[in-house]
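Structure first, then comments.
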Amino acid sequence: MTNDQLISVCGAGGFIGGALVADLRAQGYTKIRAIDQKPLDQWYQCFEDVENKVLDLQLKEACHEATKDAHTVYNLAADMGGMGFIENNKALCMLSVLINTHLCMAAKEAGVSRFFYASSACVYNGDKQKSYAVAPLKEQDAYPALPEDGYGWEKLFSERMCRHFREDFGLQTRIARYHNVYGPFGTWDGGREKAPAAVCRKVALAKLTGKHEIDIWGTGEQTRSFMYITDCVEGTQMLTASNYVEPINLGSAEMVSINQLVDIVEEIAGVKLNRTYQLDAPKGVNGRSSDNTLIQQIFGWEPSTRLREGMEKTYAWIYDEMVRGKKSL
Ligand code: NAD
């Protein structure tokens with residue numbers, strides 16, 4: 001595509017959508033439409049030289065407005081959050097099905113050339129994620145289906161919606177299964193934050209108040225991998241521009257336990273905290289990491305930002321936000 005073809009970013013007021021818009025601008029794309037349901041002053045990143053629209057994309061008419069004349073549509077809009085949110089809001093998570101369904105219908109009618117859908121590692125079969133020392137998840141581990149209840153089922157269904165729109169109607173859909181994305185300009189408090197941001201906030205609070213304590217959800221032994229935002233944005237665009245049509249992992253293969261994640265942030269902040277474990281708090285599966293064999297085979301690339309490096313930038317941003325007295329959304 002050329003730099004003057006229209007790109008619509010849905011969910012642009014959110015973490016990944018905002019980062020994608022910023023990156024597209026930096027690359028010199030001149031026609032960007034940014035859409036989110038939140039008022040503009042609540043977007044993490046908002047740019048005056050972009051066509052910003054406040055729309056509820058659960059509504060079909062709004063999706064027509066979002067996709068009109070677009071060459072590429074990125075669907076990054078969803079009602080979502082970390083485990084604390086998705087375990088307690090299954091119906092709200094499933095209602096995001098309206099966003100992707102209406103966007104697919106509108107994109108087909110608008111003759112969109114490329115349609116990207118942000119799926120998740122939450123589509124993977126729970127039985128494959130019972131051990132802390134889990135084998136990294138391969139793309140075929142999504143079936144037989146036993147995804148995360150609510151949020152994961154919606155993602156798996158919407159993946160298939162994209163597949164069938166491609167097979168039956170020729171809409172060129174591309175699907176990435178994101179594994180835990182983190183970085184600056186995202187949610188860090190309020191109940192929707194994910195583990196890396198929550199740990200940064202808790203450590204920063206301990207540092208600022210001098211109360212050297214931290215509560216950790218679960219045993220702290222649960223394992224995950226975390227992908228830095230710049231890798232996510234790069235991989236998303238690479239996949240969207242490619243001819244690869246099957247769902248593919250987009251995640252880091254650097255697996256750590258939550259305790260190790262806390263170690264890293266403590267080291268960055270220069271503090272040591274007393275840890276309390278909340279065993280009844282939402283904690284998700286015991287182990288999850290990304291097998292990157294396929295993305296390496298297809299693209300000769302995988303997310304490579306080391307966790308320590310990405311967490312330094314994330315911690316610094318959250319710390320500054322807290323010092324400035326800012327609240328996340
Ligand atoms: P986010 O919550 O920061 O951004 C999502 C945005 O969608 C929000 O700004 C929200 O206001 C908007 N939105 C929700 N409902 C809408 C509606 N009806 N109409 C218009 N806008 C609406 O989340 P994110 O981290 O940027 O995630 C982007 C996408 O990536 C989502 O689909 C999410 O499920 C997926 N994903 C994210 C992660 C992660 O770790 N962040 C992991 C796996 C998958």
Side-chain angles (χ1 to χ4, degrees), residues 8-22 33-46 52-63 65-67 73-83 85-86 89 92-103 106 116-124 137 147-148 150-156 158-159 162 175-188 190-198 224-229 231-233 235-236 247 249-252 284 288 290 303 310 314 328-329:
S8 285
V9 179
C10 302
F15 168 45
I16 302 173
L20 177 61
V21 171
R33 182 180 292 150
I35 308 116
D36 204 288
Q37 68 175 355
K38 291 186 300 207
L40 291 179
D41 62 356
Q42 291 180 23
W43 292 24
Y44 288 115
Q45 302 193 67
C46 191
N52 295 309
K53 282 182 179 284
V54 176
L55 295 171
D56 178 357
L57 292 168
Q58 290 198 3
L59 306 173
K60 194 170 163 223
E61 276 317 306
C63 291
E65 213 179 309
T67 55
V73 172
Y74 289 95
N75 177 13
L76 298 156
D79 204 354
M80 63 88 69
M83 285 315 300
F85 180 79
I86 66 176
N89 295 279
L92 284 183
C93 289
M94 292 204 81
L95 280 170
S96 294
V97 77
L98 293 172
I99 301 175
N100 193 62
T101 304
H102 286 147
L103 275 176
F116 172 84
Y117 176 62
S119 185
S120 162
C122 287
V123 299
Y124 285 116
L137 293 158
E148 178 79 36
Y151 178 73
W153 275 110
E154 190 279 321
K155 290 290 183 196
L156 199 61
S158 289
E159 281 190 2
C162 289
I175 303 160
R177 291 180 180 151
Y178 291 159
H179 290 243
N180 285 308
V181 190
Y182 72 99
F185 300 102
T187 311
W188 52 269
R192 287 180 186 251
E193 65 278 17
K194 297 188 153 208
R224 294 289 185 278
S225 70
F226 301 100
M227 168 169 56
Y228 192 58
I229 183 67
D231 287 332
C232 175
V233 165
T236 296
N249 278 336
L250 191 50
S252 164
R288 175 179 290 163
S290 179
T314 309
S328 175
L329 306 174

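Whatever order the structure lists ligands and atoms in, that order sets their numbers, starting from 1. This chain uses plain numbering: 1 for the first residue, then up along the sequence. Here the structure is a predicted model, which means the values were calculated and not measured.
Shown in contact with G13 at under 4.0 Å from a heavy atom are these atoms of ligand 1, numbered in order with element: 9 (O).
Taking all heavy atoms of Y151, F15, Y117 into account, the minimum distance to atom 36 (N) of ligand 1 is reached by Y151. For atom 26 (O) of ligand 1, the nearest non-hydrogen atom from the set L59, D79, I16 belongs to I16. Comparing heavy-atom distances from atom 44 (C) of ligand 1 across A118, S119, G81, A77 singles out S119 as nearest. Relative to atom 42 (C) of ligand 1, the option among M227, K53, K194 with the closest non-hydrogen atom is K194.
With hydrogens and angles disregarded, no donor-acceptor distance shorter than 3.5 Å links the side chain of S119 to the backbone of I175.
Between Y228 and Y182, the ring centre distance stays below 6.0 Å.
Taking only nitrogen or oxygen atoms, main chain and side chain alike, T187 does not reach within less than 3.5 Å of ligand 1. Considering backbone and side-chain N/O atoms, G14 comes within less than 3.5 Å of an N/O atom of ligand 1. Ligand 1 has no nitrogen or oxygen under 3.5 angstrom from a nitrogen or oxygen of A121. Ligand 1 has no nitrogen or oxygen under 3.5 angstrom from a nitrogen or oxygen of I99. Polar contact with ligand 1: absent for H179 (N/O pair, distance under 3.5 Å). Ligand 1 has no N or O atom lying under 3.5 Å from any N or O atom of N75, backbone or side chain.
Put simply, the residue from N75, L76, V73 that forms a side chain to side chain contact (heavy atoms under 4.5 Å, CB included) with F116 is L76. If you run side chain to side chain contact (heavy atoms under 4.5 Å, CB included) between V233 and each of V181, L20, V21, only L20 comes through.
In this structure, a donor-acceptor pair under 3.5 Å is absent between the side chains of S96 and Y151. In the model, D36 has no side-chain atom that pairs as donor or acceptor with a side-chain atom of Y44 under 3.5 Å.
Ion pairing of E159 with R177 is present here, as a side-chain N (NZ or NE/NH1/NH2) and a carboxylate O approach within less than 4.0 Å.
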